[in-house]
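All chains are named by letter (A, B, ...) in the order of the sequence lines, taking the proteins before the strands, and each is independently numbered beginning at 1.
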Amino acid sequence: MSLYENIKQKIYFRLEEALKKAKETGELDFKEVPEYVLEEPRERQHGDLATNLAMVLAKQAKKAPRDIAKVLIAHLNTDDTWIASSEIAGPGFINFRLNPGWLLEVIPEVMKQKERYGAVNIGQGEKVQVEFVSANPTGLLHMGNARGAALGDSLASLLAMAGYEVCREFYINDAGNQIYNFALSLEARYLQQLGYDVPFPEAGYHGEDLIATVKRIIDRDGDKYVSMEEDARRDYLVRFALEEKIAGIKETLEKFGVVYDVWFSEQSLHDSGYVQDTIKELEKKGYIYEKEGALWFKSTLFGDEKDEVVVRKNGVPTYFAADIAYHRHKFSRGFQRVINIWGADHHGHVARMKGAMQALGINPDSLQVILMQMVRLIQNGEVVRMSKRSGQYITLEDLIDEVGKDAARFFFIQRDPDSTVEFDLDLAKSQSADNPVYYIQYAHARLCSIMRQAKEMGYELNVEPSLEQLRLLTSQEERDLLKKMADFPGEIAVAAKMAEPHRIARYALDFASLFHTFYNSHRVLVDDEQLRTARLSLIISVKQVLANAIRILGVSAPEKM
RNA sequence: GCGCCUGUAGCUCAGCUGGAUAGAGCAUCUGCCUUCUAAGCAGGUUGUCGGGAGUUCGAAUCUCUCCAGGCGCGCCA
């Protein structure tokens with residue numbers, strides 16, 4: 001438990017004690033203690049911690065909140081809590097001012113835990129899988145995938161920091177109709193490149209990248225597939241293209257700072273018979289019926305708007321069937337919690353997938369789907385429709401090249417998944433130097449610079465500050481930094497619990513700002529050895545905490561800028 | 001038509017398990033480099049929190065309704 005949580009815990013306990021005593025003496029009458037909070041007030045003048053306990057109790061106790069507060073304070077034992085003073089404020093808040101000493105403990109704590117500082121254990125080693133991006137391997141990664149990549153990767157890092165055992169997974173849609181279309185498109189491009197006048201399939205993939213792929217096939221194998229039988233030809237072309245596409249996707253994601261633990265093939269589920277087996281399992285449990293020659297899953301039993309086809313009239317299982325099998329497979333691998341990051345356009349899929357899990361006897365709540373809203377790409381002031389089929393899109397590769405990995409990742413992580421984001425590439429390019437990520441990185445570089453100079457001046461960086469030295473950190477700027485560092489584990493806990501990595505982006509930004517303020521008002525490398533040691537220990541800690549936050553965002557922490 | 005998401009400063013967005021005076025970046029204006037990185041700091045300007053009604057001691061936050069935008073409602077994925 002973090003220092004901060006420790007203190008809060010104790011005060012909570014003492015508040016409960018005070019309530020009990022007040023009830024015993026008959027000063028307060030209530031049946032049940034309602035939900036109340038003990039939190040840091042927004043306004044500094046309202047103290048370090050505040051509780052609304054007296055206000056939420058007003059109804060039951062039939063007393064004015066301020067009077068209740070008075071009684072509570074009278075009975076509150078503040079020994080050993082760091083509480084320096086308690087006062088009643090506003091409509092009935094109880095504000096506590098803490099003895100500043102508690103904050104000093106944060107520095108030794110950070111120095112001890114180093115890159116682990118901030119880690120909490122709300123996950124308790126639970127196995128959780130985060131599946132994200134899972135883009136079709138028929139084309140290149142686009143802006144929506146970029147958002148998913150940034151979000152999913154940061155969420156995974158965040159959960160790892162919160163005590164979960166995390167697995168990052170990419171589901172490869174290497175089966176089904178789209179692959180057939182892909183094959184037809186490849187075939188047409190192949191023949192066209194070799195001078196044959198063949199039409200391009202209407203539903204084909206128009207991307208330029210397909211032509212490049214086909215050219216490489218020709219470089220390697222020439223026209224040997226022209227005379228081949230249709231099926232075999234398509235099979236060769238697809239196999240070559242898929243391998244190349246997936247390798248490319250992997251490479252691009254790695255450039256974006258995302259490394260997966262597992263790449264899971266949809267085709268493998270068909271090959272192993274797992275899809276069929278899953279359908280049979282559902283059938284056995286009575287959730288499948290036949291209508292108009294197709295097999296349907298009774299998803300309406302689970303709140304879906306209508307039932308869904310799992311096996312087509314032609315005998316081919318649908319994508320949905322494979323996806324059910326895939327999710328069943330996930331849970332069979334021992335994940336207690338499975339998180340999917342999907343685009344909002346897949347939202348209709350959520351209810352039936354959860355329903356399918358329930359039908360299979362899996363707790364649907366252990367599957368969590370995070371929907372992220374669309375990325376609207378703006379160019380020349382107009383919305384550009386992105387589509388793989390039309391071949392018109394800005395790729396993740398373009399984004400990394402033109403905007404930069406750090407700026408791009410931060411742009412996405414900063415935002416709540418629920419908000420539709422507008423991405424104006426021209427603006428992003430011209431403003432990439434204004435991206436707030438540099439503000440954070442600059443703080444880190446400055447911290448490193450101070451430490452470099454301290455070293456040059458022959459100062460010890462392995463400081464172990466004494467309490468007397470730490471007590472010299474009395475300025476508002478120093479206290480704000482200490483406070484923010486003490487908050488970090490709590491921020492991790494909340495962000496992980498809510499699966500909201502964008503909170504960490506906000507934290508890093510606020511923290512960097514506090515540091516810049518400090519930097520401009522105090523010098524670290526002063527002549528006074530005592531103060532210098534104290535401040536050095538402070539900035540060593542600040543750098544550590546900042547680096548820990550940045551690491552979760554998947555952004556680099558440069559030593560120089 | 002039904003379902004989900006969104007509407008907060010000129011722009012891009014935080015804040016939304018209700019809390020005391022609604023925030024940040026960009027833009028704009030004024031100061032600050034003989035001292036550890038000015039990619040920085042300090043300060044000024046900027047709001048019918050889409051409209052309305054309700055619940056509450058208290059609403060940007062919860063409920064209802066209306067308006068506007070996005071997405072979905074395939075034997076596509």
Side-chain angles (χ1 to χ4, degrees), chain A residues 35 37 39 41-43 45-46 50-52 55-56 58-59 64-65 89-93 95 134 136 138 173 175-179 181 203 266 291-296 304-306 308-320 322-323 343-351 371-374 376 383 388 411 414-424 427-428 431 433-443 445-454 456-457 494 497-498 502-503 505-506 509-510 512-513 515-526 535 539 560-561:
Chain A
E35 287 270 319
V37 293
E39 60 184 7
R42 217 188 310 251
E43 301 295 320
Q45 59 191 7
H46 294 134
T51 179
N52 61 351
M55 286 182 287
V56 297
K59 204 167 209 171
F93 288 99
N95 294 341
S134 298
N136 286 334
T138 52
N173 303 130
N177 254 333
Q178 51 168 359
I179 295 299
N181 269 331
E266 177 185 354
K291 191 179 90 183
E292 293 162 5
L295 291 184
W296 298 70
D304 201 7
E305 291 165 14
K306 54 184 183 27
E308 204 65 23
V309 171
V310 284
V311 180
R312 301 182 183 93
K313 197 159 39 181
N314 63 10
V316 178
T318 58
Y319 171 85
F320 180 49
D323 220 9
D345 52 342
H346 287 62
H347 130 263
H349 199 51
V350 177
L371 294 174
M372 44 170 202
Q373 295 298 314
M374 304 284 100
R376 302 208 309 150
V383 177
K388 281 212 175 79
F411 175 85
Q414 242 189 319
R415 286 156 172 76
D416 185 308
D418 274 341
S419 67
T420 314
V421 309
E422 255 183 30
F423 198 98
D424 186 324
L427 198 67
Q431 289 193 345
D434 293 327
N435 190 298
V437 74
Y438 299 116
Y439 182 84
I440 298 169
Q441 293 180 315
Y442 186 55
R446 269 184 158 174
L447 284 156
C448 291
S449 172
I450 298 173
M451 288 165 68
R452 268 196 306 274
Q453 297 211 20
E456 274 169 30
M457 294 161 101
V494 172
K497 208 172 282 178
M498 305 189 74
H502 72 273
R503 286 169 177 271
R506 172 71 31 186
L509 220 38
D510 292 344
S513 167
F515 168 69
H516 285 308
T517 300
F518 161 82
Y519 181 91
N520 278 278
S521 46
H522 304 283
R523 235 186 114 73
V524 174
L525 304 176
V526 291
R535 287 196 176 147
I539 65 138
K560 279 184 186 171
M561 278 175 83

Looking only at side-chain N and O atoms, does [X] come under 4.0 Å of OP1 or OP2 in [N]?
X	N	result
Tyr438(A)	rC26(B)	no
Asn520(A)	rG40(B)	no
His502(A)	rG15(B)	yes
Thr517(A)	rG40(B)	no
Arg312(A)	rC76(B)	yes
Tyr442(A)	rA39(B)	yes

Write down the distance between [atom1] ([X]) and [atom2] ([N]), rounded to a whole number of angstrom.
X	N	atom1	atom2	answer
Asp345(A)	rA77(B)	CG	P	14 Å
Phe411(A)	rC26(B)	CZ	P	15 Å
Met451(A)	rC36(B)	CE	C1'	13 Å
Phe518(A)	rC41(B)	CZ	P	14 Å
His346(A)	rC76(B)	NE2	P	15 Å
Arg523(A)	rU35(B)	CZ	C1'	5 Å
Arg446(A)	rU35(B)	CZ	C1'	13 Å
Leu509(A)	rC13(B)	CG	P	16 Å

Taking the minimum atom-to-atom distance to the side chain of [X], which one of [options] wins?
X	options	answer
Ile450(A)	rC57(B), rC36(B), rG40(B)	rC36(B)
His516(A)	rC41(B), rC75(B), rA14(B)	rC41(B)
Met374(A)	rC75(B), rC41(B), rG70(B)	rG70(B)
Asn173(A)	rA77(B), rA39(B), rC36(B)	rA77(B)
Asp416(A)	rG70(B), rC76(B), rG15(B)	rG15(B)

Might you list the N or O atoms of the protein lying below 3.5 Å from N or O atoms in nucleotides 17-21 of chain B, with each pair's distance?
| unit_1 | atom_1 | unit_2 | atom_2 | d |
| --- | --- | --- | --- | --- |
| rG19(B) | N7 | Asn52(A) | ND2 | 3.2 |
| rA20(B) | OP2 | Arg42(A) | NE | 3.2 |
| rA20(B) | OP2 | Arg42(A) | NH2 | 2.7 |
| rA20(B) | N6 | Asn95(A) | OD1 | 2.9 |
| rA20(B) | N1 | Asn95(A) | OD1 | 3.2 |
| rA20(B) | N1 | Asn95(A) | ND2 | 3.2 |
| rU21(B) | O4 | Gln45(A) | NE2 | 2.2 |

- Message: In whole Å, measure the gap between the P atoms of rA59(B) and rA22(B) for me.
- Response: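 So the two P atoms sit 13 Å from each other.
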- Message: Roughly how many Å apart are rA14(B) and rA9(B), using the C1' atom of each and rounding to a whole number?
- Response: 13 Å
- Task: Would you classify rC66(B) as syn or anti? Syn applies when the glycosidic angle is within 90° of 0.
- Result: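 For rC66(B), whose glycosidic angle is more than 90° from 0, the conformation is anti.
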- Query: With a non-hydrogen cut-off below 4.0 angstrom, is Glu422(A) in contact with a base, only sugar-phosphate, or nothing?
  - Reply: sugar-phosphate
Check the interface with nucleotides 5-9 of chain B: list each N/O to N/O pair with the protein under 3.5 Å, or write none.
| unit_1 | atom_1 | unit_2 | atom_2 | d |
| --- | --- | --- | --- | --- |
| rC5(B) | O2' | Gln373(A) | NE2 | 3.3 |
| rC5(B) | O2' | Asp418(A) | O | 2.7 |

- Item | Dot-bracket line, read 5' to 3' along RNA chain B, where crossing pairs take [ ] and | marks a partner on another strand, Watson-Crick or G-U under 3.5 Å | (((((((..((((.....[...)))).(((((.......))))).....(((((..]....))))))))))))....
